[in-house]
Amino acid sequence: MIQRNVDPVLHRLQRALETGASREEVAEALAAAESAAEQSGEEFSPLLRYRAEEYVQAERMLERRRLMFAVACVVCLFATVVGAFGLTTLDRMRTLVDHEAEFDKLVVAEAWDEASNFLDQLDEDTRSEPAFVRGREMVDQAITREAERKAEFKRLADQMRSSATTDIDADDVKRLNTLARSDEERQFASEMLAKVEEQRLQREAARANDQTHAFETLQDKVERFLRVESDELDEDGRAARRFELQQELGRFAADHQLGNPELSEAAKQAAKMLAASAQQEKKQTDRDKRVQAITRSVGNAQRYRRAIQEFVDDWPRDALAQRLQRDAPGADAIDATLAWIDVLSHPAYQQPQSVDGELAKAWLATLEHAESLEPGHPLSIPATRWRATYQTLADCDEAIQELRAAFRSPLVHRIYVYPDPSGSVFYSEQAPDRQSPRAHLVSVLLDLSLERETKNFGLRFREEVLPKVALSGHSQFAAKMVPSVTDVTVTDFTPVAYRLISELRTFQSEPEFDPIYRLIWMRRVLEIAVRGSVPIKLAFGDWLESLQSSGFDWDTNWLASEPEDVDRLVKVTQARRLLEGVDDWNHRVERMLAEFKAFRSPRPPAPRWIGWVSLDGENYEAVLSEPTDSHPLVVFPVDPQTGQTKRVDIGALQTSMALRVTDPDAQQCGAILCVVSPRSVASTPSTTRK
């Protein structure tokens, strides 16, 4: 098609054709246009070249007729007939040129519907001209693209009309704007842009309000600490509280340094105020207060170790200080236990039914950190049971994208089956047309590379072919499953993937879902599903391996269907056998469901650090920072020989008083003590002695 900004040389050629210039002028203009196109690298319009060459040929023929008339006047009757024929030919050529010029104007204006109507109005001989045959293909393709654009615009618009304003996706709105063509479409797209922008501004305003409220809350904490808590708390309590507030203020100042510098500066000033108040306090060295400081620091490893060290430094001759200095677990051992508690208390572990890819990655990072500290920790047993599942969930988003990409294949969207009277079957993206006089010319797919050719079904098309044309079985399958694939998430990937596998196995359609293509789809779905779901891998992984090792020719061109193709019949039989050959289906499904339910079942609460092992005279005791509600208690001492953490169950504390620790394995000053759920007591081996 000639581009809108036509080069002057091309203008010259068009004008020569339209004004009926001489053959020499048209030939000279054609040569100049071809030379200019070659030098500029631009594509020269095939339609314009064809018109010019036909015009030159017609003029040359006319001149030849005239010359023969002048020389051979003796045979004037014959010359007259020939001349009349030449004039008729020239008139037809000029008419053809006029039609081509009119059609070219419609193409340049992208008036595809008018161009289609124009072609329909031409007589059969004119429409069969190569230029108009190519023009028809170009117009049909353009109309199809426009229909697809309108359909996509309507889909997005309907989706936005049916969604709450807060649910409208900004990327969808951008897509909507790129698709808009008419004034009405542009108006609607502009309205959606305005709504999205309004929501963004509202979110920013709400965020600013939240920041101000957060600082006011933090400021109230600081004022309360300076006015009230400083008098109520002991020295360690004041130091701990001040440290917490300074940490909060520091984090607040850092988080809002760029977004809200005024609030950030105010937080820094409040932190300076806290630092100044610390200089006014005196250090208290009372032994009981130091011991209480250790208890109060339970839950924070850094504070706990610091409290112990301060007690040891201030009371070096105290029996407890000497035992703590000799036996207390090191920072690495405490960090290891707390890291494993973090693994078991992580939201992804405690709420497995709602784990998505990001949560799974976060849990795996927590697990890897704990393993780097102490891989053989007693708390590792229940956690590592699900490592493979979480790893699969972390990678599931990639599997989902591959699954959606598979359903976007042009081979599955609206592919029609055209049965030939000879027994062959052809696949085409072209919907059956009962109105067009050229409906028997169908663009059919030749192979998996989507190479196409036009199939002429001939005069029997309307009676013997058209009534049997139907949407292919695999397109029917895709249409049924696309909504589920579009909406699938990490949390429901397993049931959606199983439904795909089950539907592929049992899907019935008319016409039949080609067995070879169905098998290819089954292998592809299984490959994706086993990467995104451990339950499916356990249930169907061996089936996938058997398919992959079956020796089946996966590159088979299933689009080619000849009734007498013996090789294809063999492959169809093999495909059906492989599809139907999986055994104990119900057992596999039960195994999948059992694994799926087991992972999503409620988990026992994670151990919680609430105390430590102390020494009172000659007796070891469990000192708690809070009541336990009669829940079992567990001590995590460190073996001095191996450096490995042990787990020792010491029973439940019935009162708020200290609990004697009589088990020798648990008698380690400074060992951390945790409360556990009764459901988790028996889940991990213990060294408790009866």
Side-chain angles (χ1 to χ4, degrees), residues 244 247-248 250-252 254-255 298-305 329-403 488-494 497 528-538 595-596 598-610 634 636 638 643-645 647 672 674-677 680 683-684:
E244 291 176 357
Q247 288 291 97
E248 289 188 52
R251 287 193 295 269
F252 187 91
D255 292 344
V298 165
N300 185 305
Q302 182 179 1
R303 288 173 52 202
Y304 181 69
R305 290 293 305 163
D332 291 344
I334 295 176
D335 289 344
T337 298
L338 297 182
W340 281 106
I341 291 176
D342 287 342
V343 171
L344 298 179
S345 61
H346 195 282
Y349 188 83
Q350 288 296 318
Q351 302 170 12
Q353 67 279 3
S354 59
V355 176
D356 59 13
E358 293 304 317
L359 266 178
K361 291 176 183 177
W363 185 84
L364 287 169
T366 306
L367 176 66
E368 290 173 2
H369 173 65
E371 288 183 325
S372 70
L373 298 177
E374 188 175 347
H377 195 282
L379 294 178
S380 66
I381 297 174
T384 53
R385 155 75 170 88
W386 301 109
R387 178 199 300 275
T389 300
Y390 282 101
Q391 186 62 62
T392 301
L393 291 172
D395 299 333
C396 189
D397 283 322
E398 295 181 7
I400 290 174
Q401 294 306 317
E402 289 187 35
L403 191 61
V488 66
T489 63
V490 173
T491 56
D492 63 357
F493 180 81
T494 294
I528 296 172
V530 298
R531 291 204 307 273
S533 168
V534 167
I536 287 185
K537 183 176 182 180
L538 290 174
E595 181 70 11
F596 182 68
F599 174 75
R600 295 166 71 94
S601 296
R603 308 276 169 78
R608 186 163 49 87
W609 181 19
I610 66 165
V634 176
F636 290 98
V638 177
Q644 296 297 308
T645 301
R647 169 177 174 161
I672 69 173
C674 296
V675 62
V676 298
S677 166
S680 63
S683 63
T684 305

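Since this is a predicted model, take the numbers as computed values, not measurements.
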Review point. Does the pair Lys537/Glu595 count as a salt bridge with the N-to-O cut at 4.0 Å?
Key: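 No, Lys537 and Glu595 are not salt-bridged.
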
Nearest heavy-atom neighbours spanning [X] and [Y]:
X	Y	answer
Ala383	Val343	CB-CG1, 3.6 Å
Phe636	Cys674	CE1-SG, 3.8 Å
Leu373	Ala339	CD1-CB, 3.8 Å
Pro329	Ile334	O-CD1, 3.9 Å
Val638	Ala333	CG2-CB, 3.5 Å
Pro375	Ser380	O-OG, 3.5 Å

Pairwise distance [atom1]([X]) to [atom2]([Y]) - rounded to 0.5 angstrom:
X	Y	atom1	atom2	answer
Glu368	Trp363	CD	CH2	10.0 Å
Glu374	Asp335	CD	CG	11.0 Å
Leu338	Ser345	CG	OG	10.0 Å
Gln351	Thr491	CD	OG1	13.0 Å
Asp255	Glu248	CG	CD	11.5 Å
Phe596	Ser601	CZ	OG	10.5 Å

For [Y], does its backbone N or O pair with a side-chain atom of [X] as donor and acceptor, under 3.5 Å?
X	Y	result
Gln644	Gly376	no
Gln350	Leu344	yes
Tyr390	Ala348	yes
Arg531	Ala399	no
Arg608	Ile341	no

Practice item. I would like to know whether Thr494 and Ile536 meet side chain to side chain contact (heavy atoms under 4.5 Å, CB included); could you show each step before the answer? Key: CA-CA 7 Å; Thr494 294; Ile536 287 185; 4.2 Å; yes

Point to revise | Ring geometry between Trp340 and His377 (parallel below 30°, tilted from 30 to 60°, perpendicular above 60°) | key: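 The arrangement is parallel - the two ring planes meet at less than 30°.
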
**Study point:** side chain to side chain contact (heavy atoms under 4.5 Å, CB included) between Phe493 and Leu403, intermediate numbers included
**Key:** CA-CA 10 Å; Phe493 180 81; Leu403 191 61; 4.2 Å; yes

**Study point:** Derivation of the side chain to side chain contact (heavy atoms under 4.5 Å, CB included) call for Asp356 and Thr489
**Key:** CA-CA 8 Å; Asp356 59 13; Thr489 63; over 6 Å; no

Practice item. Indicate yes or no: at least one non-hydrogen side-chain atom of Val634 is less than 4.5 angstrom from one of Pro607. Key: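 Counting from C-beta outward, Val634 and Pro607 never come under 4.5 Å.
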
Review point. Does the side chain of Val490 reach to within under 4.5 Å of the side chain of Ile400, using non-hydrogen atoms?
Key: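 Counting from C-beta outward, Val490 and Ile400 do come under 4.5 Å.
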
Check your understanding: What's the verdict on side chain to side chain contact (heavy atoms under 4.5 Å, CB included) for Val355 and Arg600, showing C-alpha distance, side-chain angles and the deciding distance?
Key -> CA-CA 9 Å; Val355 176; Arg600 295 166 71 94; over 6 Å; no

